[in-house]
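The structure appears below as structure tokens.
Bear in mind that the values here come from a model prediction, so they are computed numbers and not experimental data. In this chain, residues are counted from 1 in sequence order.
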Amino acid sequence: METIKEQAISFVFVRIPDNSDVEVCDVTAKFTIDVVGYCIFGIKMNALIDEQSEFRIISREIFKDSLKSLVKFRLREAFPTFYNKLAFLMHDTRQTSFFVNLVEQTIQHRIKNNIVRNDFINILKELKENPKKFGIEFELTELLCAAQAYVFFGAGFETSSLTISHALYELAQHHEIQDKLRQEIKEEFERNSGTIKFESVKTMKYLHAVYQETLRKYPTGMVIYRECTAPSYTFKSTGLTVPKYQKMIIPVIALHHNPDIYPNPDVFDPQRFLTENDLINETTYLPFGRGPRNCIGARLAVIQTKVGLATFIRNHKVDLCKKTEIPYSFGQSMFLFQPKNGVYLKIMKFHEN
């Protein structure tokens, strides 16, 4: 993680000229690809320093905002049986082959060279070698292993990079919040001899508030899809009964922008997460979902987003530029809260007076 953080600092200082207009979504995506890739595969993907990185090329394809991807998404959710029958037409064979080969080659390389790492691939390797030890009664094939890595990689990099981008977008519009955040970050770095530790992620309360408010206003997953698995469920407050197998859509974006829950919902206000009489609870704040099917990469997302944001804001100032859209145009994705034309901001090196 330290190496990736140093690469990020070097990238911004060397490759991005001071006082320049930058599309920050691309920069933050490269950073999170390197972090997630290192944590999952134990591979330095070098997306930050290599424009032709195959991982960066594949990542663009996964969440490409297009009519085709929108149709596939709607078809899968509305008519899953029909979608599965057309699987040979729907699936992206290039992405499938890439991840199957990558997972298989990485596992074989570790077995051959007796390499053990505390990462996601090592977990898959152990599950594949001793499935019964972990209570698995089916064969963990290469395709199934690759599917797990694909989900973790895809969900881990894009959501976190969007969150960092949205935070920078708001900080560029609210310099007083940016200055207050930078001061907290500066003090934390000084306490830790110029570095950031794992404990720092929990220590910096204002950073946490900025992070939470960013996810409130810009939840990366705009809706949550669920299916009732109980015989039935009745909501006591309304008397509404949901029958078994009923599919539901939980509108996260609507909850997070409900003025009865969050006064002045269009205002970026981290302070709402610092009040003692905080009315925000697990039923009205759902950036990672809830329950047994909540986001698998939530903990990693929190750490990499906060570390990336803290490192960036410590060394740089962000401001609006001529290309900045306020408000910006949304993409046509049904799942991700993402800008159609990117987020352009002016980046300047921070110098203390």
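Pairing each heavy atom of V252 with each of L286, the nearest pair is CG1-O, 3.7 Å. The minimum heavy-atom distance linking C145 with K128 is given by the pair SG-CD, 4.5 Å. T32 and A29 make their closest contact through OG1-O, 3.1 Å (heavy atoms, listed as atom of the first residue, atom of the second, distance).
By the 6.0 Å and 45° rule, R216 does not stack over the aromatic ring of Y285. At least one test fails for R314 against the ring of F350: distance under 6.0 Å to the centre or angle within 45° of the axis. A cation-pi geometry, defined here as NZ or CZ lying under 6.0 Å from the six-membered ring centre and within 45° of its normal, does not hold between R272 and Y262.
Cluster membership for Y211 and F198, using ILVMFWY side-chain heavy atoms within less than 4.5 angstrom, is shared.
Applying the 6.0 Å contact sphere to NZ of K323 captures no more than 12 heavy atoms from other residues, nucleotides or ligands. Residue-environment remark: NZ (K317) stays at or below the threshold of 12 foreign heavy atoms within 6.0 Å. The environment of N118 atom CG is sparse: at most 12 non-hydrogen atoms of other residues, nucleotides or ligands sit within 6.0 angstrom.
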- Candidate pair Y169 and T324, rule side chain to side chain contact (heavy atoms under 4.5 Å, CB included), full reasoning: CA-CA 9 Å; Y169 179 66; T324 308; 3.9 Å; yes

- Determine, step by step, whether F312 and F31 satisfy the ring-ring contact (aromatic ring centres under 6.0 Å, His included) criterion, reporting the C-alpha distance in whole Å, the side-chain angles of both residues, the deciding distance to 0.1 Å, and the verdict. CA-CA 11 Å; F312 189 92; F31 168 70; 9.7 Å; no

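With D319 as reference, H175 is the one residue of Q178, H175, K346 to meet the side-chain hydrogen bond (donor to acceptor under 3.5 Å, both in side chains) rule.
Checking side-chain atoms of T141 against main-chain N and O of L144 turns up a donor-acceptor pair under 3.5 Å. Under the 3.5 Å distance criterion, the side-chain polar atoms of E170 are left unmatched by any main-chain donor or acceptor of F268. Side chain of T195 to main chain of N192: no donor-acceptor pair is present (N/O by atom type, distance under 3.5 Å, no hydrogens or angles).
We find that E129 and K125 are joined by a salt bridge, their nearest charged nitrogen and carboxylate oxygen being less than 4.0 Å apart. Ion pairing of D34 with K30 is absent here, as no side-chain N (NZ or NE/NH1/NH2) approaches a carboxylate O to less than 4.0 Å.
No side-chain donor-acceptor contact under 3.5 Å links E104 and Q108. For the residue pair T28/S165, the side-chain donor-acceptor check at 3.5 Å is satisfied. A donor-acceptor contact closer than 3.5 angstrom links the side chains of T234 and T241.
At least one side-chain heavy atom of I196 sits less than 4.5 Å from a side-chain heavy atom of M204. Counting only heavy atoms from C-beta outward, the side chains of H166 and K217 never approach each other to under 4.5 Å.
Here I115 is tied to no hydrophobic group at all, with no ILVMFWY side chain closer than 4.5 Å.
The aromatic ring centres of H257 and Y218 sit 6.0 Å or more apart.
Not a single side chain to side chain donor-acceptor pair (under 3.5 Å) links R293 to another residue, sequence neighbours left out.
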